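First comes the structure, then the notes that go with it.
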Amino acid sequence: MSSADKNLSVFNTAGLPDISSKKFAILVAEWNSEVTEKLFAGAYDTLIQYGAMPQNIERGNVPGSFELTTGSQWYAERKDIDAVIALGVVIQGETKHNDYINHAVAQGLTNVSIKTSKPVIFGVLTPNNMEQALERAGGMHGNKGDEAAMTAIKMLGLRGEIFKSQG
Ligand SMILES: Nc1c(NC[C@H](O)[C@H](O)[C@H](O)CO)[nH]c(=O)[nH]c1=O
Ligand SMILES: CC(=O)[C@@H](O)COP(=O)(O)O
C-alpha cells in the first residue's frame, strides 16, 4: 500500500499507553534539512499530543542518514532512553548511492532495535525527488514524522503489555 492510499498522519489511537514517564530520543539527519526539520516537528508534536513530556524528548543531529544507525545505537544503549526515532531523507541521485544508504540504515536500525530490545523507528523517507519528499513531510500524504512517533508509542505499549508480568 503506498502513502497515496494510506495517509502517514492518520492512525488508530485506541488503547495507547501512558507515555508521560517515557523518554524519547529523536535523531535528525542534516542532509535535506528543509525536509528533515518538518519530520522532526511532526514527530515532536505527535509525542507531545499523545502525552510525552517536553523534558523527556531529547534531540540529536547526525550528518546524514547513514549515521542514524550509530547515533541510534548510542542513544538506545542509554538506560534512561525508552525509544529512539530516526529521521532522514535520502533522495535518489544519479548513482546507486541512495540504495546503499537506504539498505544500510534499514538493516542497521533493525539490528539496534533487536540488540537493545527497544523501539528504534525507521523514520526515513526514500523518495525519488524533493517533491515526493515534501508530500510526505506535512504535504498531501501526511508527515512521516507523525507516523514514526506514533509507531514508537505503540511499540512501547506492546512492550509494556508483553513484559507486564515481569513488573
Ligand atoms: N545523499 C544523501 C545522504 N548522503 C550522506 C550519507 O548519509 C552519509 O552521511 C555519507 O555517506 C557519509 O557517511 N544522506 C542523506 O541523509 N540523504 C541524502 O540524500
Ligand atoms: C543519496 C545520495 O547520497 C545521493 O544524493 C548522491 O547523489 P548521486 O548518486 O548523484 O551521487
Side-chain angles (χ1 to χ4, degrees), residues 1-11 22-49 52 54 56-78 81-156:
M1 177 181 285
S2 73
S3 297
D5 302 314
K6 182 189 178 303
N7 190 285
L8 296 166
S9 299
V10 176
F11 19 71
K22 299 299 183 183
K23 189 155 186 176
F24 299 85
I26 304 179
L27 266 175
V28 184
E30 295 170 3
W31 261 79
N32 301 308
S33 59
E34 68 273 24
V35 185
T36 60
E37 288 303 329
K38 295 176 184 288
L39 299 181
F40 171 75
Y44 181 89
D45 291 348
T46 299
L47 290 177
I48 297 296
Q49 180 179 353
N56 289 341
I57 302 174
E58 189 168 329
R59 171 175 170 160
N61 300 308
V62 293
S65 293
F66 189 82
E67 286 72 39
L68 288 171
T69 300
T70 306
S72 294
Q73 167 85 11
W74 291 339
Y75 269 123
E77 286 177 334
R78 277 177 39 182
I81 295 291
D82 295 294
V84 181
I85 297 167
L87 302 174
V89 177
V90 182
I91 298 178
Q92 184 169 345
E94 294 178 354
T95 71
K96 294 180 180 179
H97 193 215
N98 61 294
D99 289 335
Y100 287 94
I101 295 172
N102 293 334
H103 289 298
V105 176
Q107 189 59 60
L109 294 179
T110 299
N111 293 343
V112 172
S113 183
I114 292 170
K115 176 180 176 182
T116 62
S117 192
K118 294 180 180 178
V120 177
I121 309 306
F122 182 69
V124 180
L125 292 175
T126 59
N128 297 312
N129 52 54
M130 180 60 76
E131 180 184 7
Q132 288 180 354
L134 292 169
E135 289 172 347
R136 291 157 177 80
M140 62 188 291
H141 295 316
N143 190 319
K144 189 73 172 178
D146 299 357
E147 180 204 51
M150 183 52 65
T151 300
I153 294 170
K154 291 187 174 185
M155 286 305 287
L156 287 173

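Note that the structure is a prediction, hence the values are computed from the model and not measured. In each ligand, atom 1 is the first atom listed, and ligand 1 is the first ligand listed. The first residue of the sequence shown is numbered 1, and numbering continues consecutively from there. Only this structure's heavy atoms are used, side chains among them; waters, hydrogens and symmetry mates stay out.
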Inset, instruction - Look only at the side chain of Thr36 and the backbone of Val28, and say whether a donor-acceptor pair between them is shorter than 3.5 Å. - result: no

Legend entry - Main-chain N/O of Ala52 paired with Asn56 side-chain donor or acceptor, under 3.5 Å: no

Inset, instruction - May I ask you to decide whether Glu135 forms a salt bridge with Lys38, counting only side-chain N to carboxylate O separations under 4.0 Å? - result: no

Legend entry - Residue Lys6 excluded, over 12 heavy atoms near NZ under 6.0 Å: yes

Legend entry - Main-chain N/O of Ala76 paired with Lys118 side-chain donor or acceptor, under 3.5 Å: yes

Legend entry - Donor on one side chain, acceptor on other, Glu147 and Asn143, under 3.5 Å: no

Inset, instruction - Enter the distance from Gln132:CD to Ser3:OG here, rounded to the nearest 0.5 Å. - result: 9.5 Å

Legend entry - Backbone N/O of Leu109 and side chain of Ser113: donor-acceptor pair under 3.5 Å: no

Inset, instruction - Indicate yes or no for a side-chain donor-acceptor contact from Glu37 to the backbone of Glu34 under 3.5 Å, with no hydrogens or angles considered. - result: no

Legend entry - Residues in contact with ligand 1, criterion: heavy atom under 4.0 Å: Trp31, Asn32, Gly64, Ser65, Phe66, Glu67, Val89, Val90, Ile91, His97, Ile101

Measure from every N or O atom of ligand 2 to the protein's N or O atoms and keep only the pairs below 3.5 Å, writing each with atom names and distance to 0.1 Å.
residue, atom, partner, partner atom, Å
ligand 2, 3 (O), His97, ND1, 2.6
ligand 2, 9 (O), Glu94, N, 3.3
ligand 2, 9 (O), Thr95, N, 2.9
ligand 2, 9 (O), Thr95, OG1, 2.5
ligand 2, 10 (O), Glu94, N, 2.7

